[in-house]
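Report on the structure given below.
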There are 2 protein chains.
Amino acid sequence: MADRAGQRRIPEATVARLPIYSRALLETAEAGVGTISSERLAALAGVNAAKVRKDLSYLGSYGTRGVGYEVDHLVHEISRELGLTQDWPVVIVGIGNLGHALANYRGFGARGFRVAALVDADPTKLERKVAGLRVEGLDALADVVAQRDVSIGIIATPASAAQEVADLLVEAGVRSILNFAPAVVSVPEGVSLRKVDLAIELQILSFYQSHPPDRLVDESTETVREAQG
Amino acid sequence: MADRAGQRRIPEATVARLPIYSRALLETAEAGVGTISSERLAALAGVNAAKVRKDLSYLGSYGTRGVGYEVDHLVHEISRELGLTQDWPVVIVGIGNLGHALANYRGFGARGFRVAALVDADPTKLERKVAGLRVEGLDALADVVAQRDVSIGIIATPASAAQEVADLLVEAGVRSILNFAPAVVSVPEGVSLRKVDLAIELQILSFYQSHPPDRLVDESTETVREAQG
DNA sequence: CCGGGCTTGTGCACAAGGTCACAAGGTTCC
DNA sequence: GGAACCTTGTGACCTTGTGCACAAGCCCGG
Ligand SMILES: NC(=O)c1ccc[n+]([C@@H]2O[C@H](COP(=O)([O-])OP(=O)(O)OC[C@H]3O[C@@H](n4cnc5c(N)ncnc54)[C@H](O)[C@@H]3O)[C@@H](O)[C@H]2O)c1
Ligand SMILES: NC(=O)c1ccc[n+]([C@@H]2O[C@H](COP(=O)([O-])OP(=O)(O)OC[C@H]3O[C@@H](n4cnc5c(N)ncnc54)[C@H](O)[C@@H]3O)[C@@H](O)[C@H]2O)c1
């Protein structure tokens, strides 16, 4: 259906796994390994080998039958597909507990996500320098985003301010938002929004701890090791 | 198939949404509203109304046709289903940047998740008190888990230590783990594992920013507002 | 040059999840 | 008492995702 673009459309589930493959491949490359099979990569990524092959097939045919995938090449192709060949300046809004930790997080720059600005509404924080950056006022958000070409906004404010901050980010031109506040935020079409919600994760864990999987129905011995998906 | 338990099996996707409903309902209750329709709840949760009804139907029939759902009752039923009627003591392993932020996070206790212990491998950190708790050594993990009845473990160590820490947690008796380290961790059957991975989220955002949805194929006017799912 | 042995790429069948539409069932108002 | 109105609960259908199994394809040894 309408694949007139010639390019296959990459499924969401695949997109979510590409970064995992990428990380595993980078580690493999560092170990000096030149080639990797789907089975090995699947083990490293904690998924099924067929899934790996199908996922990678969306990028084109970069594997060699009987041999596997060339690690360096694959890393490059995945990076290109994920858009990691360019820099993505990030603004963090809300420099409290969490904002501080994020600002100081070293792993940020590793994949081209550079913290370009820190913004907070509290005037008493404007003096501070955090992780080498000056904290700026909320009113400076629009200018900062425009001037430093910020493309991703991270919301680390209290939940009550999340929607307002999201609106400001969108208005300023940010097209991707990552929300850490425990609030439902909505954005206009064309803007991507993802959330990280600690409370939800814990409550899901609580559910499964309260509802042990029914092992009485089928005493199968299949080793269903839960792995990160 | 094998619903001999009499209880319907709650789909994973539904479980992941229950905490969102719960939060929305608590806010609604605070506002003094006694009854809520699936449509209103759907709007608050950022989902489809039919989905809300189907999700809630798994808990039993707690709605009244023509009226809606009684807010207090629903809050109670969801809490019960999620297992939030009891306390879940949590241990945080790795008291660095992120571990500090988590330890100081006030929103923790709100739903019965109490930080019961802080553990780190670095001997120089053992002296410190963080958020009113003394940081304890990795060798104390097993005792701490047993004595304080810890049921959930949070991994906030570097990626290289994640699997090792997970193994220790499992060995100590923890059956639910939340992993913040960017590493694939695997656990035995019967242990729940969830992950929160900042780098992956950013890379997914990067992908969608690099691949604008193909608006040329179908210039439909449907308002597909991306909301948090 | 050919055959054996691997590993990829993918068709297919199935499972899970989402959306629509509507009958069932309750309430309210006259 | 009854009819109009509203909202739930759910069956049917569609989309997306998963896993199996196997043919196609490539390398290497002889
Ligand atoms: N601390 C954690 O470990 C943690 C974990 C998970 C989720 N969260 C969530 O992350 C968010 C931040 O948590 P925190 O512990 O850092 O809170 P915090 O109170 O320490 O920090 C919030 C910061 O946001 C600023 N702020 C408030 N309103 C603002 C606005 N309108 N615009 C810009 N800045 C504004 C405040 O001045 C403050 O500096 C919260 O929503 C919290 O629920 C925190
Ligand atoms: N800082 C952030 O904002 C942030 C954001 C997302 C993800 N993360 C991830 O969270 C993890 C922690 O990040 P951080 O910034 O706090 O790092 P950090 O280096 O500040 O802290 C790591 C802590 O773990 C301790 N540690 C090391 N090995 C250990 C072991 N085997 N057992 C117990 N403790 C051990 C260290 O002593 C240190 O205190 C990392 O994996 C990081 O990638 C951090």
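Hydrogens, waters and symmetry mates play no part in the numbers below; they use all other heavy atoms, side chains included. We name chains A, B, ... by the order of the sequence lines, and we start the count at 1 in each one.
Using a 4.5 Å heavy-atom cutoff, the side chains of V196(A) and E201(B) are in contact.
DNA chain D forms stems at C:1-30 with D:1-30, each a run of 3 or more consecutive Watson-Crick or G-U wobble pairs whose two key distances fall under 3.5 Å.
Residue E12(B) is in sugar-phosphate contact alone, with no base atom involved, counting any heavy-atom pair closer than 4.0 Å across all strands shown.
Toward the 5' end of DNA chain D, the nearer of the two residues Y69(B) and P11(A), judged by each one's closest nucleotide, is Y69(B).
Residue pairs meeting the side-chain hydrogen bond (donor to acceptor under 3.5 Å, both in side chains) criterion with at least one partner in residues 38-51 of chain B, sequence neighbours excluded, are S38(B)-R53(B). For the salt bridge (charged side-chain N to carboxylate O under 4.0 Å, His left out) condition, the pairs that include at least one residue of residues 82-94 of chain B, sequence neighbours left out, are D87(B)-R114(B). Residue pairs satisfying the ring pair (Phe, Tyr, Trp, His ring centres under 6.0 Å) criterion with at least one member in residues 189-208 of chain B, sequence neighbours excluded, are listed as follows: F207(B)-H211(B).
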Nucleotide by nucleotide, 5' to 3', does protein get under 4.0 Å of the base (B), only the sugar-phosphate (S), or neither (-) in nucleotides 18-27 of chain C, counting heavy atoms? SBBB--BBSS
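Under the side-chain hydrogen bond (donor to acceptor under 3.5 Å, both in side chains) criterion, S79(B) pairs with no residue, sequence neighbours left out. Residues satisfying the side-chain hydrogen bond (donor to acceptor under 3.5 Å, both in side chains) test with T28(A), not counting sequence neighbours, are none. Judged as a salt bridge (Lys or Arg N to Asp or Glu O under 4.0 Å), and not counting sequence neighbours, R65(B) has no contacts. With sequence neighbours left out, the side-chain hydrogen bond (donor to acceptor under 3.5 Å, both in side chains) criterion links H73(A) to E77(A).
Straight-line distance from the CZ atom of R9(A) to the C1' atom of dT16(D): 14 Å, rounded to whole Å. The CG-C1' distance, from L56(A) to dT7(C), rounds to 13 Å in whole Å. Regarding L59(A), its CG atom lies at a distance of 12 Å from the P atom of dT10(C), rounded to whole Å.
Between Y62(A) and dT7(C) there is no side-chain polar atom (N or O) within less than 4.0 angstrom of OP1 or OP2.
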